[in-house]
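Everything quoted here is computed from the prediction, not taken from an experiment.
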Amino acid sequence: MLTGQVLSVDFFERPTRRVARELLGKHLVRRLHGKTNAYMITEVEAYDGYNDLASHASRGRTARTEVMFGKAGHWYVYLCYGMHWMLNIVTGPHEYPAAVLIRGVKGVGGPGRLTKTLGVTKALNARTATRGTGLWIEDRGVRVPKRSIMRTPRVGVSYAKEWAHKPMRYVFDTGA
DNA sequence: ACGATGATGAAC
DNA sequence: TTCATCATCGTA
């Protein structure tokens with residue numbers, strides 16, 4: 001089976017926007033019910049720091065957001081609109097609240113559809129992105145030319161004042 | 001264009 | 001304890 005280099009904590013501990021951009025082209029790998037599937041990441045959003053009004057962390061440290069303040073490389077999974085699980089990976093330094101929302105992979109557009117397809121639920125919240133938890137990220141050598149990366153404002157955060165229109169959404173245009 | 005559907009956080 | 005608010009999606 002073709003595998004790649006599993007991304008370690010070092011990768012995620014860097015500045016959130018950089019991590020977001022570099023996650024494009026990486027592979028989200030899911031092992032569930034004895035089967036392993038890999039999905040190339042094509043769409044992400046950065047949620048960066050206490051001042052980011054679009055981030056849950058802007059309303060302080062709470063039971064839900066605790067994981068965002070924790071160590072990088074952990075999953076932050078929460079329920080949105082009462083029915084969709086959202087999958088994020090914690091980024092940046094310890095105690096600094098930040099994460100990247102994985103919005104889409106090749107063939108599966110939309111964060112809610114993505115978690116449904118991969119069988120991701122609250123059970124993965126606060127777990128590490130390692131093989132042991134059944135959900136991790138690999139570099140399989142896909143090259144992502146700068147030209148193929150689109151930046152846009154984030155989706156569904158119109159309430160976030162000036163943060164609503166910052167280009168913190170990254171899309172890998174594969175042309176396919 | 002709109003309703004489903006429930007956790008979350010802030011107000012009371 | 002109540003209430004408004006959602007980092008969405010399928011159907012119309």
Among Thr65(A), Asn88(A), Asn125(A), which residue satisfies the side-chain contact (heavy atoms from CB on, under 4.5 Å) criterion with Tyr78(A)?
Asn88(A)

How close or far is atom P of dT5(C) from atom CG of Leu53(A), stated in whole angstroms?
16 Å

Interatomic distance where CE belongs to Met68(A) and P belongs to dA7(C) [whole Å]:
11 Å

Check whether any side-chain N or O of Thr115(A) sits under 3.5 Å from a backbone N or O of Trp85(A) as a donor-acceptor pair, and report yes or no.
yes

Can you name the atoms? Protein N/O to nucleotides 8-12 of chain C N/O, anything below 3.5 Å, with the distance.
residue	atom	partner	partner atom	Å
dT8(C)	OP1	Arg103(A)	NH1	3.2
dT8(C)	O2	His84(A)	NE2	2.9
dC9(C)	OP1	Pro111(A)	N	3.2
dC9(C)	OP1	Gly112(A)	N	2.9
dC9(C)	OP1	Arg113(A)	N	3.4
dC9(C)	O4'	His84(A)	NE2	3.1
dG10(C)	OP2	Arg113(A)	NE	2.7
dG10(C)	OP2	Arg113(A)	NH2	2.5

Out of curiosity, does Phe12(A) fall in the hydrophobic cluster containing Ile102(A) (side-chain heavy atoms, cut-off under 4.5 Å, transitive links)?
yes

Lys166(A) has an atom NZ; how far is it from atom P of dA7(C), in whole Å?
18 Å

Could you tell me whether Arg154(A) contacts a base, only the sugar-phosphate backbone, or nothing, with contacts defined as non-hydrogen atoms closer than 4.0 Å?
nothing

His27(A) vs Val142(A), test: side chain to side chain contact (heavy atoms under 4.5 Å, CB included). Steps then yes/no.
CA-CA 9 Å; His27(A) 287 257; Val142(A) 173; 3.7 Å; yes

Taking any strand in view, what nucleotide pairs with dA7(C) in a Watson-Crick or G-U wobble way, both distances under 3.5 Å?
none

What is the distance from CZ of Arg64(A) to P of dA10(B), rounded to the nearest Å?
10 Å

What's the CZ-P distance between Arg61(A) and dG9(B), to the nearest Å?
13 Å

Aromatic ring of Tyr78(A) stacked on base six-ring of dA7(B), 5.5 Å, 30°
no

What integer distance in Å separates Asp48(A):CG from dA7(C):C1'?
15 Å

Indicate the atoms forming the closest heavy-atom contact of Ala54(A) with Ala160(A), along with that distance.
N-CB, 3.6 Å

Just say parallel, tilted or perpendicular for the rings of Phe69(A) and Tyr50(A), cut-offs at 30° and 60°.
tilted

